[in-house]
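Numbers restart at 1 for each chain; the letters A, B, ... are given by sequence-line order, proteins then strands.
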Amino acid sequence: MTEQELLRRESLAKLREMGIEPYPAELFEVTAFASDITANYQEEVLEDGTKNRLNYQEVSLAGRIMASREAGKAMFMNLQDSSGRIQLYVRRDDFLEGDEAPMFDTVIKKLLDLGDYVGVKGYAFKTKTGEVSVHVQSFKFLAKALRPLPVVKKDAEGHIFDAFTDPEQRYRMRYVDLTVNPQFKEIFLKRTKMIKTMRNYLDELGLLEVETPILQPIHGGAAARPFTTHHNTLDMTLYLRIANELYLKRLIVAGFDGVYEFAKMFRNEGMDRTHNPEFTALEFYVAYKDYFWMMDVTEKMLERVARAVNANGSSKVTVGENQIEFAGPYRRLTMYEAIREYTGIDVEKADEAELRSYCRKEHIEIDASMGKAKLIDEIFGEKVEEHLIQPTFLIDYPVEMSPLTKKHRSAAGLVERFELFVNGKEVANAYSELNDPIDQRERFEDQLRLAARGDEEAMAMDEDFLRSLEYGMPPTAGIGFGIDRLSMLFTGQSSIQEVLFFPQMRPEVNG
RNA sequence: GAUCUCGUAGCUCAGUCGGUAGAGCACUUGACUUUUAAUCAAGGAGUCAUGGGUUCGAGUCCCAUCGAGAUCACCA
């Protein structure tokens, strides 16, 4: 244990010796918040020059002591509660009688440490320098801190000194991070506001919020490597879901007109600044609709989210150098048009050999197993994606890449699918759902052939899902949003770890 | 998975050519009854990520391991 930790344990013991409980059980009534007092405190100056304090004259607030300045027989402290910080003024003369005699010199001055949770009662006033403060008249320990917090200081111009910045420590000890870097709370508040806005919107559309299995016997609905686990009683392998799509569609079969789920997904793949092994998706499916309807809904929902997340209600969000306009309508571009626009290639006419030679010329990594559809996808990823800064619907994909998507109503070889790109990244994937059970079975069989050729991401056959389609699924539009990616966008963060309270980390060596 | 960079006091960081481990804040003691990055005086605090190697001598050079970040590959 460090010197400072030992001293804090000694302080704790001394408090108990004095009959002061550092971790009291009873509630502490809070009647005011720091930011309300600093924002709304009022006083008037009378003709004789004395001040008349007008409000907050009996307040009770609780929080952590974050700074302390002794000034002789008085002390100034900064109390931080969930709303912000306020200065406390404590005077020796106020703690002289009876039991309270040692309160100032011994307890507050010596045994109180930075980081301790305390409750104070007193009245608001303005100091000589004009800072709204609370003159403390009673003082109570609510929880003693046995470890010192990093001390982050700020000067009058807002320059920060000794910021707690090590990302490893910030992510491992988010409780410390958010205590000393409260500005990061804003990211999480916005994330929650975003989710709440989406949920409200979907509820208004009349969709039903549902829950579907996380432990699945077949990991369907997406192309990814799953986490595997084992159920002892059933003695069977189960997978943590990589997607919930096939379950939500079963519910459409069941007769719900629209369902949605905010769902944790798990993918056993690489980690980097845009991938965490568990992440959140919003998926929703609506009967009797198609992907054009879904584009309209997406535009409306994201505009509403932008306006909710922005304090000023704007539909624009600044991400790095770019200002992104979330008010629709968004540009709609077919995949072939996009590639023609950014590369000049007409992929519709080009054959596989031509695409191959283009990729080689442009140093796009390809391998022999890739068919025409996969080559198109590679070219798109390398040449087009990064240019799609403003929200853009990329529509009509080759059928081979979309085994759960309905064939295009008019264009052969394509499916009715769109992905939404914002700031050069995919944030949503949607389609007119394939509801023809015979076609769906053939698509699964194609996937099995791909798997046999060594494609690890090919989808498995799901007989129960096919059975549900054979009972009849209405025409349906469906979409999935990457909630973490959207959070990054709406909060201007470039790392997924900044929008997750507890991003996955390797184990610490010495706890 | 690959490459590069980083790991020194509670926090933020210096540490030269390999020669006894440094600063600011925090902490301790004292002074100061409206301070605010409070100030002033004095003091304490280190498994230099871990393990090996080279060397008379390693925070520093070499190797391995662990952890983190960045870039790339894959994926959402």
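Contact of A/Glu70 with B/U35 (side chain to base): no donor-acceptor pair of N or O atoms is detected under 3.5 Å.
The strand RNA chain B forms stems, runs of 3 or more Watson-Crick or G-U wobble pairs with distances below 3.5 Å, at B:1-7 with B:66-72, B:10-13 with B:22-25, B:27-31 with B:39-43, B:49-53 with B:61-65.
Comparing A/Glu269 and A/Ser495, the nucleotide of RNA chain B nearest to each residue sits closer to the 5' end for A/Ser495. Heavy-atom nearest nucleotides on RNA chain B were determined for A/Ala224 and for A/Arg506, and the one closer to the 5' end corresponds to A/Arg506.
Ring geometry, A/Phe465 versus A/Phe444: the interplanar angle exceeds 60°, so the pair is classed perpendicular (tilted spans 30 to 60°). Note on ring orientation: taking the six-membered ring where Trp is involved, the planes of A/Phe393 and A/Phe418 are perpendicular (angle over 60°, cut-offs 30° and 60°).
By the ring-ring contact (aromatic ring centres under 6.0 Å, His included) test, A/Tyr342 pairs with A/His387, sequence neighbours left out.
Here A/Phe76 does not pack flat against the base of B/A38, since the 5.5 angstrom centre distance and 30 degree tilt limits are not both met. Aromatic stacking is not marked for A/Phe161 over B/G24, as the cut-offs of 5.5 Å for the centres and 30° for the planes do not both hold.
In this structure, the CZ atom of A/Arg225 is 10 Å from the P atom of B/G1, given to the nearest Å. What separates CZ of A/Arg69 from C1' of B/A31 is a distance of 18 Å, to the nearest Å. Between the CG atom of A/Leu6 and the P atom of B/U28 there is a distance of 13 Å, given to the nearest Å.
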Summarise protein proximity over nucleotides 6-14 of chain B in one line of letters, 5' to 3': B for base, S for sugar-phosphate only, - for none, counting protein heavy atoms closer than 4.0 Å. ----BSB--
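Here A/Arg172 lies in heavy-atom contact (under 4.0 Å) with sugar-phosphate atoms only.
With A/Phe501 as the aromatic partner, A/Arg174 does not meet the cation-pi criteria of under 6.0 angstrom to the ring centre and within 45 degrees of the ring axis.
A/Asp36 and A/Asn40 share no side-chain donor-acceptor pair at under 3.5 Å.
Separation of the A/Tyr41 and A/Tyr123 ring centroids does not fall under the 6.0 Å cut-off.
A donor-acceptor pair is defined here as one N or O able to donate and one able to accept, closer than 3.5 Å; no such pair exists between the side chain of A/Arg64 and the backbone of A/Leu79.
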